[in-house]
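Here's the structure, in structure tokens; my notes come after.
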Amino acid sequence: MDSLKKQIAFGIDTSICYCIGSGENFKFLTKISEEYKLFDKIIALEHPRFIMQYHSKDRNKYLDKYIKALNNKK
């Protein structure tokens with residue numbers, strides 16, 4: 001938490017946080033964000049390893065999801 005708070009103190013935009021990992025990573029980040037009021041919104045993106053290991057045929061779908069999320073479009 002100390003490291004995360006120091007990074008936020010740099011003055012970064014905390015309105016959107018991108019979480020790499022849509023399972024446990026997302027659950028944990030959401031929990032601490034709510035507890036410490038860190039981010040307004042968290043967008044979960046599947047981990048690249050997960051995509052390549054289990055969904056490599058659909059990687060273009062995930063790439064489009066990443067691009068839309070990073071362009072702040074849903």
Side-chain angles (χ1 to χ4, degrees):
M1 279 310 306
D2 290 338
S3 178
L4 187 55
K5 286 181 179 181
K6 285 178 186 176
Q7 291 176 41
I8 290 172
F10 292 152
I12 65 169
D13 180 2
T14 58
S15 60
I16 298 176
C17 172
Y18 298 97
C19 178
I20 304 299
S22 56
E24 293 301 315
N25 289 349
F26 178 67
K27 288 178 192 176
F28 179 75
L29 187 57
T30 299
K31 181 181 175 182
I32 64 170
S33 180
E34 289 173 356
E35 184 176 340
Y36 293 98
K37 310 291 187 247
L38 300 174
F39 306 106
D40 297 337
K41 179 180 182 180
I42 301 174
I43 296 175
L45 297 167
E46 286 76 6
H47 197 286
R49 182 197 49 78
F50 169 82
I51 295 167
M52 294 309 293
Q53 188 170 356
Y54 300 108
H55 297 280
S56 62
K57 290 181 182 179
D58 297 323
R59 65 181 170 265
N60 286 334
K61 176 183 86 170
Y62 291 102
L63 181 59
D64 288 342
K65 182 178 178 179
Y66 266 70
I67 291 169
K68 287 178 184 175
L70 294 172
N71 283 324
N72 201 19
K73 299 175 187 171
K74 278 206 136 188

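For this chain, numbers begin at 1 and follow the sequence in order.
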[atom1]-[atom2] distance between [X] and [Y], expressed to the nearest 0.5 angstrom:
X	Y	atom1	atom2	value
Ile8	Cys17	CD1	SG	8.0 Å
Phe28	Ser33	CZ	OG	11.0 Å
Glu35	Lys31	CD	NZ	7.0 Å
Ser22	Lys65	OG	NZ	6.0 Å
Tyr18	Lys41	OH	NZ	8.0 Å
Asn60	Ile67	CG	CD1	9.0 Å

- Query: Under a 4.5 Å side-chain heavy-atom rule over Ile, Leu, Val, Met, Phe, Trp and Tyr, are Ile12 and Leu45 clustered together?
  - Reply: no
- Query: Linking I/L/V/M/F/W/Y whenever any side-chain heavy atoms sit under 4.5 Å apart, do Phe26 and Leu4 land together?
  - Reply: yes
- Task: Please step through side-chain contact (heavy atoms from CB on, under 4.5 Å) for the pair Thr14 and Leu38, ending with a clear verdict.
- Result: CA-CA 7 Å; Thr14 58; Leu38 300 174; over 6 Å; no
Grab the two heavy atoms, one from [X] and one from [Y], that are nearest each other, plus how far apart they are.
X	Y	value
Ile43	Ala69	CG2-CB, 4.0 Å
Gly21	Ala44	O-CB, 4.2 Å
Ile42	Phe39	CG1-CB, 4.2 Å

- Query: Sub-3.5 Å donor-acceptor pair from the side chain of Tyr66 to the main-chain atoms of Glu46, do we have one?
  - Reply: yes
- Task: Return yes if some donor-acceptor pair links the side-chain N/O of Asn25 with the main-chain N/O of Ile20 below 3.5 Å, else return no.
- Result: yes
- Task: Answer with yes or no whether the side chains of Ser3 and Gln7 bring together a donor and an acceptor at under 3.5 Å.
- Result: yes
- Using the six-membered ring wherever Trp is involved, compare the ring planes of Phe50 and His55 and label them parallel, tilted or perpendicular (cut-offs 30° and 60°). tilted
- Message: If you apply the rule side-chain contact (heavy atoms from CB on, under 4.5 Å), what do you find for Ile51 with Ser56, and how did you get there?
- Response: CA-CA 6 Å; Ile51 295 167; Ser56 62; over 6 Å; no
